[in-house]
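Here's the structure we're looking at; comments come further down.
Note that this is a predicted model, so its numbers are computed, not measured.
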Amino acid sequence: MNFLEERIKKDGIVKEGNVLKVDSFLNHQMDIELFDQMGAEYKKRFADKPINKILTIEASGIGIACIAAQHFHVPVVFAKKSQSINLDGEMYVAEVESFTHKCKNHVIVSQKFLGPEDHVLIIDDFLANGCALQGLIQIVQSAGATVEGIGIAVEKGFQSGGRIIRNLGFQLESLAIVESMDASTGEVVFREQ
Ligand code: 5GP
């Protein structure tokens, strides 16, 4: 088991409805030393890519992306979520369905901060059905920028997102891939990587 899998085993809580709670170290209280290890691991896995920007989505991706950015020495842009489209012609907008909140959001990035010269590493905390990621990919593509790779903390391997994104040809690196989990026993099984 790697360091993130070990931490999930120790402190993750399996909830009904296929939800893994990791709020004591990843997406509410944040363990910055763990984030630093994650950043080093992303740097290793994307070492050969000419990344000049990291893109994430508010809120939970921001902390992970910022600490990872210290390993890449690049700026972080986070997509903002909004219930209504702000159509002033200077934004990239994509529609995203939220797994945890069961609603549709628009994710928005200012055209000032993403363009054809950018080589982007997308970072997020979770990958489930892949809606959030597909929204971010769409935004990068509308900017004429290049997706160099995708770094995820926890992928739920029993949901379809990972397969869809890999089939699209992207280099997707998830530090922990949950194969199955059981709310009654609390057991989490990881995919061998
Ligand atoms: P997707 O768009 O891939 O279906 O879901 C990704 C988003 O949903 C993530 O950004 C994350 O915020 C949230 N999410 C999905 N599954 C889980 C989960 O099991 N636990 C937590 N804490 N968040 C999740």
Side-chain angles (χ1 to χ4, degrees), residues 19-20 22-23 26-28 30 32 35 38-39 42-43 45-46 49-156 159-162 164-175:
V19 172
L20 177 63
V22 288
D23 58 354
L26 199 78
N27 58 16
H28 194 4
M30 297 178 283
I32 300 306
F35 284 17
M38 290 165 55
Y42 291 133
K43 179 68 186 164
R45 295 192 190 197
F46 296 106
K49 297 290 175 96
I51 291 158
N52 71 341
K53 199 160 280 187
I54 291 178
L55 176 67
T56 187
I57 183 165
E58 66 178 0
S60 319
I62 296 175
I64 299 168
C66 287
I67 304 295
Q70 293 191 305
H71 293 264
F72 289 86
H73 306 287
V74 300
V76 175
V77 175
F78 68 89
K80 298 186 179 225
K81 288 179 187 165
S82 156
Q83 297 294 339
S84 64
I85 296 185
N86 179 0
L87 279 174
D88 70 357
E90 296 176 348
M91 307 279 168
Y92 303 113
V93 181
E95 192 174 77
V96 167
E97 199 158 344
S98 160
F99 174 85
T100 34
H101 301 111
K102 309 272 183 252
C103 64
K104 282 190 177 168
N105 279 312
H106 290 100
V107 294
I108 302 171
V109 172
S110 166
Q111 294 190 3
K112 277 187 294 194
F113 303 125
L114 208 54
E117 67 287 1
D118 286 321
H119 292 261
V120 179
L121 173 64
I122 297 177
I123 284 190
D124 203 4
D125 59 341
F126 267 90
L127 171 57
N129 293 321
C131 301
L133 263 189
Q134 291 196 62
L136 293 177
I137 291 169
Q138 197 185 315
I139 281 182
V140 174
Q141 291 177 339
S142 3
T146 308
V147 177
E148 292 291 349
I150 300 165
I152 296 291
V154 188
E155 174 180 336
K156 296 198 289 184
Q159 289 181 241
S160 59
I164 293 169
I165 302 289
R166 288 188 180 93
N167 283 344
L168 289 170
F170 295 107
Q171 183 185 346
L172 166 62
E173 299 286 344
S174 301
L175 303 186

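- Taken to the nearest 0.5 Å, the CD1 atom of Ile108 stands 9.0 Å off from the NZ atom of Lys80.
- With values rounded to the nearest 0.5 angstrom, Ile122 atom CD1 is found 9.0 Å from Ile139 atom CD1.
- Rounding to the nearest 0.5 angstrom, the gap separating the OG atom in Ser160 from the CG atom in Leu127 is 8.5 Å.
- The line from CD1 of Ile165 to CG of Leu133 is 5.0 Å long, rounded to the nearest 0.5 Å.
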Apply side-chain contact (heavy atoms from CB on, under 4.5 Å) to the pair Phe126 and Asn27, showing each step before the final yes or no.
CA-CA 10 Å; Phe126 267 90; Asn27 58 16; 3.9 Å; yes
From CA spacing to verdict: side-chain contact (heavy atoms from CB on, under 4.5 Å), Ile62, Val76
CA-CA 8 Å; Ile62 296 175; Val76 175; 5.6 Å; no
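- For the residue pair Glu97 and Lys104, the shortest heavy atom distance occurs at OE1-CE, 3.7 Å.
- Side-chain contact check for Ile64 versus Tyr42: some heavy-atom pair is nearer than 4.5 Å.
- Asp125 is not listed as a side-chain neighbour of Val154, based on a closest heavy-atom distance of 4.5 Å or more.
- For Lys81 (side chain) and Glu58 (main-chain N/O), a donor-acceptor pair under 3.5 Å exists by modelled atom type.
- Taking 4.5 Å as the limit, some side-chain heavy atom of Arg45 sits within range of a side-chain heavy atom of Leu175.
- Looking at heavy atoms from C-beta onward, Ile164 lies in side-chain contact with Gln134 at the 4.5 angstrom threshold.
- Contact annotation: the side chain of Leu55 approaches that of Val77 to within less than 4.5 Å [non-hydrogen atoms, C-beta and beyond].
- In this structure the side chain of Thr146 reaches within 4.5 angstrom of the side chain of His119, judged on heavy atoms.
- The nearest pair of heavy atoms linking Ala79 to Leu136 is CB-CD2, 3.7 Å.
- Using a 4.5 Å heavy-atom cutoff, the side chains of Gln171 and Phe46 are in contact.
- Distance check: Met38 CE to Glu173 CD gives 13.0 Å after rounding to the nearest 0.5 Å.
- Across all their heavy atoms, Ala153 and Leu26 have their closest contact at CB-CD2, 4.1 Å.
- Considering only heavy atoms from C-beta on, Ile67 comes within 4.5 Å of Ile32 through its side chain.
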Apply the test side-chain contact (heavy atoms from CB on, under 4.5 Å) to residues Val147 and Val120: give CA-CA distance (whole Å), side-chain angles for both, the deciding distance (0.1 Å), then the verdict.
CA-CA 5 Å; Val147 177; Val120 179; 5.5 Å; no
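- Nearest heavy-atom pair, Ala128 versus Lys156, reported as atom, atom and distance to 0.1 Å: CB-CE, 3.8 Å.
- A distance-only check finds no donor-acceptor pair linking the side chain of Lys53 to the backbone of Asp118 [under 3.5 Å].
- Between atom CE of residue Met30 and atom OG of residue Ser60 there is a gap of 9.0 Å, rounded to the nearest 0.5 Å.
- Heavy atoms only, all atoms of each residue included: Ala65 and Thr56 are closest at CB-CG2, 3.7 Å.
- Considering every non-hydrogen atom in both Val74 and Ile51, the closest pair reads CG1-O, 3.5 Å.
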